[in-house]
Amino acid sequence: MIKFLFQRVFLLFAGIVFAFSLFSCGGSSGSDSSALMLLSSTSSSSSSSSSNSSSSSSGSSSSSSGSSSSGSSSSGSSSGTSTSSSVVLLQGFNWSANFHDRYYGDSDSSTYVQGTSDSSAPSGSKDWYDVITANADKIKNTFTYVWFPPASDSGSDNGYMPRMLNVLTSYYGNATNLASAISALSPAKAICDIVINHRVGTSNWGTFTNPSFCADYYAICSDDEGFSNSSSDMYGSSNKGNADTGEGYSSARDLDHTNWDVQNGLVSWMTNYLKAAGFVGWRYDYVKGFGGKYVGYYNAQTSAEFSVGEYWPTNGFSSSAPSAWSTELEAWVNATGSTSDTIDGRTYTPSASRVFDFVTKGMMNTVFGSNSSGLTNSNYNLLASEYCGYNKMPDKVVTFVDNHDTGSTQALWYLDPDDVGTAYALILTHPGVPCVAWQHYFTAEESYDTTISGNTSQYIGGNTVPGTSLTYRNFISGLISLRSEMGITSSSTITVWDETSSSMYLAAVSGTKGSLVVNLGSTYDMSSNSDSSSYTLAYSGTNFNIWKKSN
């Protein structure tokens, strides 16, 4: 009798679970595994001090303009390493990286274009992951994290039109070579570029496979273009999700992050495929396309060690009104990490994300010039703005000079190449988590790209930094070592000195083991400083000087 009652209760419970999974997908026929995952997610949540150092004596009155957690009200757990350690990120690819597969061919899938060989290719090389492995010794003991390109099957060469998420074969390589590259980088750790704002169908606009999430087209936002375009298989269908929680993206289908099956499918992919391959965190693409709270949820559910979101504001940047972009970035960060939140009635503890510091990028482009070379520098005082991420919310930003979008072969908003060294002198000595671009650290030969991209000039790792005898790689590596030596972290304190003007930026950065004085633009006469005997010159070049003092 007891056994019979147990069976009846079990069958009733299973039926409720299955029906509930159908409802969550808008009445579509979901899978049993999705239903079980939903139960798991409703009951699980993941939980994941910064200190201010006193600034060095400058011999002149100064104002403190940076401190940990300033300007940010986000109070959830953070998917980042401790602010007590010096963390530096390397972007492990550029916009040319996907060209390798087309050039060398990929034996793993006939769907990818076969090409001719290049004399610069490493023996047996067929993809970008092999390039990373070949350069692992130059990376693993210098950088904390390496940002990999999108790893899944995609409708585009570059990976930013994800198709079959669970298939880890792309123009960058296959799952085996991916795992080998990640392993070769140890002790550096890998984070994956994940594109979860949108997705393309396997055979048409809106039919998803591997995973399907749920029946067509409930995983797609109701205001997606596919429902109103007569050439789409989705046209006129009443099977649709809820309205988009962010900005639309017309080139692919906007995913409905309010849908439980979408949430569970993404968490499953991130956990069972990407983390299984060796990734420990995420770089979220186009995060303005969906609600920030979902990033905090995905971080928590996957126990992300590190994450950063790409929030590039839609309206143009103005150095005279930087608060506009700063406000947007701060609001997004806060949305990812409130103390607690709810999704469809489920309470969870989010894990906050960092955000790329597009405000400081805009300020550097204004000071040093952009989209051309040999430009005149001016308005150095903009680098002291309270809205620069390293001042506004240093423990929540990832600073960068250029990336695969702004620079490389896309060159959408690149910094004057003549001032790249000066820009690294800024971000690698200041709070935040600095990110180094692949093409600034490696040569074309090391990237096995002597003919592939048609733009070998983007690779400057072997070039000499103006005003020094150092290559860019040696200079960047030296600054990273100096950052660690002085204990400069994402929560270090900046003290802007009074000498800062339109022609000069001058500030002290206090670390846990020492301090730096950073001088950009016109040269500061350190001998005039009452504490000059305590400092030694660490680096000097065109438009920059850096002095150091140990505690």
Side-chain angles (χ1 to χ4, degrees), residues 52-68 70-71 317-323 325-326 357 359-370 375-394 397 399 401 415-416 419 421-432 434 467 479 482-483 486 488 492-511 514-532 534-535 537-549:
N52 297 334
S53 302
S54 59
S55 62
S56 60
S57 172
S58 66
S60 62
S61 61
S62 57
S63 59
S64 177
S65 60
S67 62
S68 62
S70 64
F317 179 76
S318 171
S319 60
S320 61
S323 61
W325 277 28
S326 177
D357 188 0
V359 175
T360 296
K361 167 61 174 170
M363 292 300 203
M364 289 193 297
N365 275 17
T366 302
V367 173
F368 302 126
S370 65
L375 300 174
T376 301
N377 299 352
S378 61
N379 299 312
Y380 278 91
N381 51 300
L382 291 176
L383 302 176
S385 169
E386 63 179 300
Y387 297 107
C388 287
Y390 48 67
N391 286 326
K392 182 70 171 178
M393 47 180 184
V397 299
T399 55
V401 175
L415 190 97
D416 181 348
D419 291 295
T422 309
Y424 277 113
L426 176 69
I427 71 168
L428 288 172
T429 59
H430 278 55
L479 289 177
L482 180 63
R483 182 182 182 88
M486 296 292 104
I488 305 298
S492 292
T493 300
I494 302 170
T495 302
V496 176
W497 288 7
D498 288 343
E499 288 84 354
T500 292
S501 65
S502 61
S503 62
M504 177 195 295
Y505 173 75
L506 188 65
V509 183
S510 300
S515 61
L516 301 173
V517 172
V518 181
N519 167 214
L520 307 182
S522 299
T523 300
Y524 172 67
D525 181 8
M526 180 57 100
S527 65
S528 66
N529 188 283
S530 61
D531 197 26
S532 61
S534 301
Y535 285 92
L537 184 65
Y539 289 98
S540 179
T542 302
N543 291 326
F544 68 87
N545 294 285
I546 302 171
W547 294 272
K548 68 176 183 178
K549 179 179 75 170

Can you measure from [atom1] ([X]) to [atom2] ([Y]) and round to the nearest 0.5 angstrom?
X	Y	atom1	atom2	answer
Asp416	Thr376	CG	OG1	9.5 Å
Ile427	Arg483	CD1	CZ	8.5 Å
Thr523	Phe544	OG1	CZ	10.5 Å
Leu382	Cys388	CG	SG	7.5 Å
Asn379	Asn381	CG	CG	6.0 Å
Met364	Thr399	CE	OG1	7.0 Å

Do you know the tightest heavy-atom contact between [X] and [Y]?
X	Y	answer
Gly369	Leu375	CA-CD1, 3.5 Å
Lys549	Met486	O-SD, 3.6 Å
Ser492	Val509	CB-CG1, 4.3 Å
Asn391	Ser385	ND2-O, 2.8 Å

Can you find a pair of side-chain heavy atoms, one from Asn543 and one from Phe368, that are under 4.5 Å apart? no
Given side chains that start at C-beta, do those of Leu383 and Tyr390 come closer than 4.5 Å, heavy atoms only? yes
Any side-chain donor near an acceptor of the partner, Tyr535 and Ser515, under 3.5 Å: yes
Verify whether one side chain among Asn545 and Ser540 offers a donor that lies under 3.5 Å from an acceptor in the other. yes
Any donor-acceptor pair under 3.5 Å linking the side chain of [X] with the backbone of [Y]?
X	Y	answer
Thr360	Gly389	yes
Lys361	Val401	yes
Thr429	Ala425	yes
Thr422	Thr542	yes
Thr493	Ser510	no

Does Tyr380 have more than 12 heavy atoms from other residues, nucleotides or ligands lying within 6.0 Å of its OH? yes
Would you please classify the geometry between the His430 ring and the Tyr505 ring as parallel, tilted or perpendicular, with 30° and 60° separating the classes? tilted
Under the ring-ring contact (aromatic ring centres under 6.0 Å, His included) test, residues paired with Phe317 that sit two or more places apart: Trp325
For Trp547, the option from Asn529, Asn519, Leu516 that meets side chain to side chain contact (heavy atoms under 4.5 Å, CB included): Asn519
Show your reasoning for whether side-chain contact (heavy atoms from CB on, under 4.5 Å) applies to Val367 and Leu520. CA-CA 11 Å; Val367 173; Leu520 307 182; over 6 Å; no
